[in-house]
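None of these values were measured; they are calculated from a predicted model. Within every chain, numbering begins at 1; the chains are lettered A, B, ... in the order of the sequence lines, protein sequences first and strands thereafter.
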2 protein chains.
Amino acid sequence: MKLINAKSGSANANTISDALSQAIHEHRLAPGTKLGEDELSDIYGVSRTIVRTALQSLAHHQIVEIKRNRGAFVAQPSLAEAHEVFEARELLEPRTARTAALHATPDDIVLLQDHITQEHAAMNAGDRGRALYLSGRFHIEIARIANQQTIADIINVLIARSSLIIALYWRRESALCESQAHHALIKAINDNDGTRAEELMQSHLVDLHSALNLSELPAVEQDLKSMLLGDSGR
Amino acid sequence: MKLINAKSGSANANTISDALSQAIHEHRLAPGTKLGEDELSDIYGVSRTIVRTALQSLAHHQIVEIKRNRGAFVAQPSLAEAHEVFEARELLEPRTARTAALHATPDDIVLLQDHITQEHAAMNAGDRGRALYLSGRFHIEIARIANQQTIADIINVLIARSSLIIALYWRRESALCESQAHHALIKAINDNDGTRAEELMQSHLVDLHSALNLSELPAVEQDLKSMLLGDSGR
DNA sequence: GCGCACAATATTGTATACAATGTGTTTGGG
DNA sequence: CCCAAACACATTGTATACAATATTGTGCGC
């Protein structure tokens, strides 16, 4: 496992959980990956106490699963969870986008456009993981603009889980071109057109949701089992 | 501080956080109360390690605030947070109630009616705290019936925070008679009337939200300060 | 050679010891 | 008598030692 920000000697629980969270979000850590405590405490130069705090924090966000006496693993959301996450986002985000459109200041617009620019740059640089991370941040930014910190926190968690869901269930056929939808959203927000912003966000989320593969995929830990059971060629 | 379930010797982090959570929900622990680690580890007969895990869990749910080098305190949501929490609930719960109405089985109805009965019993017994706790569980139960575990988890957190908000900002004039609204909701759900369930939940939440005191209350910890500054009489 | 039981190892769970920080008290000076 | 600085105390933060559990490896019997 290779992680950035692995400075030795001066990391606290937040920096570790943030680093892991970002790594997961950018698909540098795949679902099912074991996150050993000793391993992480070596990497970050802190005791297991701190590492455990960080892992518990990630577990609360449901992007890490802690199995008793087995350790921490990057979560593998089930297909049911995947649908639930997007359904929750569809309840929260459209109305929040409406509010954001009514509250947005010129500075906010600049910030959002900056996001898009970076997103585009990452995409052109071939760094799909970073583009995905940035597109998630875009959604959180909208909740912040709506002056709804509580909803922003909830969306933050849902987006982290969405990243795992995309890693597991994304259909390769459908291209992940979020920047177009985001661009349209910025325009609606800039025009203070709440209704349009709400509609755009709604359809954007429906698009994402419908681009998921409907068939249940085998979990990484289950891969071995299913392969040994003979269906390796499928 | 006096807490139930204080068995010595066999508690894990979950039992402690659940006990504290319930105590907070039932208003046996007031906002601002200091939750000392040694104190809790004595009460539950475990080391501070376990207590800290429990407190961190509650902090993630935002019903406990951990101040670095100062300790853990029962959270004191600001008025802005209070509004945000109810706005989030208004986005999530009505639509979820609709789904529940369409999914509910006869067993579910029985379970909900059971809830109401207990709620009523607690109210008659003068145990307002327990009635409040049960009424919260009622809302979570609806999300469960809607087959939306993710949303149920979110609502669970929001309701815990709502309990703190009620403790801080409730107007005494307005009676807290939720069982009527809940009764009407059960009827709509029993009739599989999704639209009506959604409407009822919406108005129920608006009622709760509008029953908050609009003026910011002084935080408990600030009481001392403001008294020492001379405005003791206000 | 195969399967099961047992032992060795590695990893996590818990408790405790020590360090760091904040709080309250006491004492000295004005 | 009041204020301030320094000290003592209490509490939290972190690291480490030990215990419990799961996993892996080995050897014995069949």
Does a side chain donor of either Ser163(B) or His27(B) reach within less than 3.5 Å of an acceptor in the other side chain? yes
Using 30° and 60° as the class limits, which term best fits the ring planes of His204(B) and His182(B): parallel, tilted or perpendicular? perpendicular
Tell me whether the side-chain N/O atoms of Thr49(A) come closer than 4.0 Å to OP1 or OP2 in dT14(D). no
Give the nucleotide from the list dT14(C), dT21(D), dT14(D) with an atom nearest to the side chain of Arg52(B). dT14(D)
Grab the CG-C1' distance between Asn14(A) and dT14(D) for me, whole Å please. 15 Å
Indicate whether any N or O donor in one side chain lies under 3.5 Å from an N or O acceptor in the other, for Gln149(B) and Glu84(A). no
Could you tell me if Ser135(A) and Glu178(A) have a donor-acceptor pair between their side chains, going purely by distance under 3.5 Å? yes
Could you check Asn69(A) against Asp38(B) and say which one's nearest nucleotide on DNA chain D is further toward the 5' end? Asp38(B)
Within the pair Arg70(B) and dT21(C), is there a side-chain N or O less than 4.0 Å away from OP1 or OP2? no
Euclidean distance, atom CD1 of residue Ile66(A) to atom P of dT21(D) [Å, nearest integer]: 18 Å
Rounded to the nearest angstrom, tell me the gap between atom CD in Glu39(A) and atom P in dA10(C). 15 Å
Return the value, rounded to whole Å, for the distance between atom CG of Asp42(B) and atom C1' of dT11(D). 13 Å
Taking atom types as modelled, is there a side-chain donor on Arg89(A) or His139(A) under 3.5 Å from an acceptor on the other? yes
Could you state the atom-to-atom distance from CD1 of Ile50(A) to C1' of dT12(C) in whole Å? 17 Å
Report yes if a side-chain nitrogen or oxygen of Arg68(A) is closer than 4.0 Å to either non-bridging phosphate oxygen (OP1 or OP2) of dG13(C); otherwise report no. no
In whole Å, what is the span from the CD atom of Gln56(B) to the P atom of dT14(C)? 14 Å
Nearest-Å distance, CD1 (Ile16(B)) to P (dA15(C))? 9 Å
Protein-nucleotide distance (Glu37(B), atom CD; dT14(D), atom C1'), rounded to Å: 12 Å
Check this one for me: any side-chain N or O of Lys34(B) less than 4.0 Å away from OP1 or OP2 of dT23(C)? no
Using only side-chain N and O atoms of Arg48(B), determine if any of them is under 4.0 Å from OP1 or OP2 of dT16(C). no
